[in-house]
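What follows is one structure encoded as structure tokens, with my remarks underneath.
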Amino acid sequence: MARAKTTRHKTIATIIAWMVGLVIFFPILWIIVLSFKSEGDAIKTPLQVLTSAWTIDSYAVVQDRSDYFKHFSNSVIVAVGSTLLGILVAVPAAWSMAFVPSKRTRGILMWMLSTKMLPAVGVLYPIYLLFIELGILDSRIGLVIVLTPMAIPGIASTMLLNVILAWNEAFWTLNLTAAKAAPLTAFIASYSSPEGLFYAKLSAASVMAIAPILVMGWFSQKQLVRGLTFGAVK
Amino acid sequence: MATQHSKSAARMMMTPAVVLLLGGMLVPLVMTLYFSFKKYLPLRGGDLGWVGFDNYVRFVSSSSFWPAVATTLLIVGGVLVITVLLGIALALLLDQPIWGQGVVRIMVIAPFFVMPTVSGLVWKNMFMDPVNGFFAHLWRFFGAEPIQWLSQASMPSLVMIISWQWLPFATLILLTAIQSLDSEQLEAAEMDGARPFGRFWFITLPHLARAITVVILIQTIFLLSIFAEIFVTTAGAFGTKTLTYLIFQRVLESQNVGLGSAGGVYAIILANLVAVFLLRIVGKNLDA
């Protein structure tokens with residue numbers, strides 16, 4: 001009797017959980033589907049979309065037209081670069097804070113974490129000006145320089161989180177780049193101007209932009225929780 | 001245990017990090033402060049001299065200021081309410097015994113890793129577009145007129161998009177907190193005759209209180225500087241200008257650096273107030 005109740009409980013929970021999960025995941029699922037359709041098919045009603053022909057044309061066109069791989073490599077260089085630099089600087093600091101703690105250690109750590117909360121918009125213009133002066137606007141080095149201090153406190157918690165955040169970072173990457181150093185965030189933003197029917201291409205571009213990070217994120221869930229909450233939740 | 005020698009070695013090891021952070025923070029901050037006290041219009045005459053607190057007053061008395069504050073509060077508040085309530089529900093659901101739990105978790109967590117720019121564009125075009133969007137097809141299937149999401153219901157649409165992105169974050173953290181709850185308490189309560197809702201309200205919820213607080217504080221800090229979603233969907237139109245977006249416009253679009261910098265200082269003060277609360281909680285945990 002008790003066993004039956006538990007199995008029935010599990011079945012109901014499973015059904016509800018899967019339904020909820022699919023609803024939440026649906027937008028991502030949908031663009032994966034759309035990315036493999038032709039433009040004409042992509043805008044039809046969902047039923048028609050599902051039954052129309054599959055194609056990888058959209059991916060080819062997107063790569064051709066807006067050079068996905070250049071943007072991809074920019075994203076990689078900027079995200080990994082700033083994280084590596086951050087590690088170089090943060091690991092010694094973290095080591096000393098852990099093994100040779102002093103009275104001020106906690107205060108310093110708190111201050112480091114608080115710098116992450118400085119709203120970027122507050123310092124946009126000075127940085128923008130500085131970059132123009134130094135000739136590093138629209139350069140990967142420039143982005144690495146800006147994103148590295150943001151990476152340092154986080155590295156005290158987790159490295160992977162920073163790669164993800166730098167990858168998805170939009171405020172600096174959109175405002176400080178144009179053509180040469182534009183990472184994937186700008187690549188996608190360039191698809192925001194209206195130019196008619198382009199769902200399939202936008203879907204292909206979107207899938208290509210988010211796929212790497214989706215995979216990385218799935219592998220690092222537990223670390224993510226610790227890192228995101230700065231250890232406040234165990 | 002720290003000897004004199006290791007103490008100075010430790011201090012040396014901390015120096016690069018501290019210097020970098022200090023430099024990266026102080027220099028731009030000082031420059032922003034500097035600009036905020038000047039009238040500086042790069043496109044219309046350049047540096048026009050000191051104006052004291054003029055920019056600060058002008059920023060707050062501009063007709064877009066209070067609407068921007070209201071918009072910011074609405075978006076942050078709306079997303080917080082949705083993500084915390086749904087987050088608790090989802091966390092409870094995911095805590096149950098389920099077949100294929102790993103897959104469900106992955107599906108639920110996925111939206112958090114989607115770039116805000118991608119998220120904004122996908123929702124704007126593939127789902128909310130009144131002609132070809134998924135919702136439009138759905139509405140028409142049931143015989144109704146499709147809604148013009150981003151132009152007629154821009155705030156709810158934005159809140160929806162941003163909530164979708166942040167729900168996984170809240171869920172993950174709350175789920176972790178739930179799973180750290182000692183099941184013995186719950187079992188004892190069940191044996192004493194407590195009903196499911198009672199068990200939730202008196203045992204689970206208080207235990208979650210700290211996690212909920214952390215979620216609210218961290219999300220508030222990040223949500224205050226939301227940028228990309230607004231940038232690619234409405235560009236601030238239809239009353240979706242948050243404080244952050246307003247400052248961005250003042251600085252980069254209308255090129256009034258003095259005014260924008262003053263706004264930036266306001267934003268920094270605001271963020272710091274929230275941060276103080278968060279750090280107090282985190283600090284408490286570090287001791288424990």
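Lettering follows sequence order; numbering is per chain, from 1.
Heavy-atom pairs under 4.5 Å with chain B peak, among A/Ile15, A/Ile12, A/Val23, A/Leu22, at A/Leu22. With respect to chain A, the highest number of heavy-atom pairs below 4.5 Å among B/Gln179, B/Met31, B/Met115, B/Gln96 belongs to B/Met115. Counting heavy-atom pairs closer than 4.5 Å to chain A, the top-ranked of the candidates B/Gly133, B/Pro97, B/Gly264, B/Ala228 is B/Pro97. Ranked by heavy-atom pairs under 4.5 Å with chain A, the list B/Val108, B/Leu93, B/Val30 is led by B/Leu93. Between chain B and the options A/Ile210, A/Leu29, A/Ile24, the largest number of non-hydrogen pairs under 4.5 Å is found for A/Ile24. Ranked by heavy-atom pairs under 4.5 Å with chain A, the list B/Thr233, B/Leu138, B/Thr117 is led by B/Thr117. Comparing B/Asp129, B/Leu175, B/Leu33 by how many heavy-atom pairs each has under 4.5 Å with chain A, the most go to B/Asp129.
Formation of a donor-acceptor pair under 3.5 Å by the B/Trp123 side chain with backbone atoms of A/Pro27 is not found in this model.
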So B/Met126 and A/Leu34, side chain to side chain contact (heavy atoms under 4.5 Å, CB included) or not? Walk me through it.
CA-CA 9 Å; B/Met126 266 79 99; A/Leu34 282 185; 3.3 Å; yes

From CA spacing to verdict: side chain to side chain contact (heavy atoms under 4.5 Å, CB included), B/Ile106, A/Phe25:
CA-CA 9 Å; B/Ile106 290 181; A/Phe25 189 66; 5.8 Å; no

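Interface remark: B/Phe127 contributes side-chain atoms only to the contact with chain A (heavy atom separation under 4.5 Å). For A/Ile127, the part lying under 4.5 angstrom from a heavy atom of chain B is the side chain only.
Contact detail for A/Ile28 and B/Ala110: the closest heavy-atom pair is CD1-CB, 3.6 Å. Heavy-atom minimum distance, A/Ser206 versus B/Val118: CB-CG1, 3.6 Å.
Once rounded to the nearest 0.5 Å, the distance linking CH2 of A/Trp18 with CH2 of B/Trp99 reads 12.5 Å.
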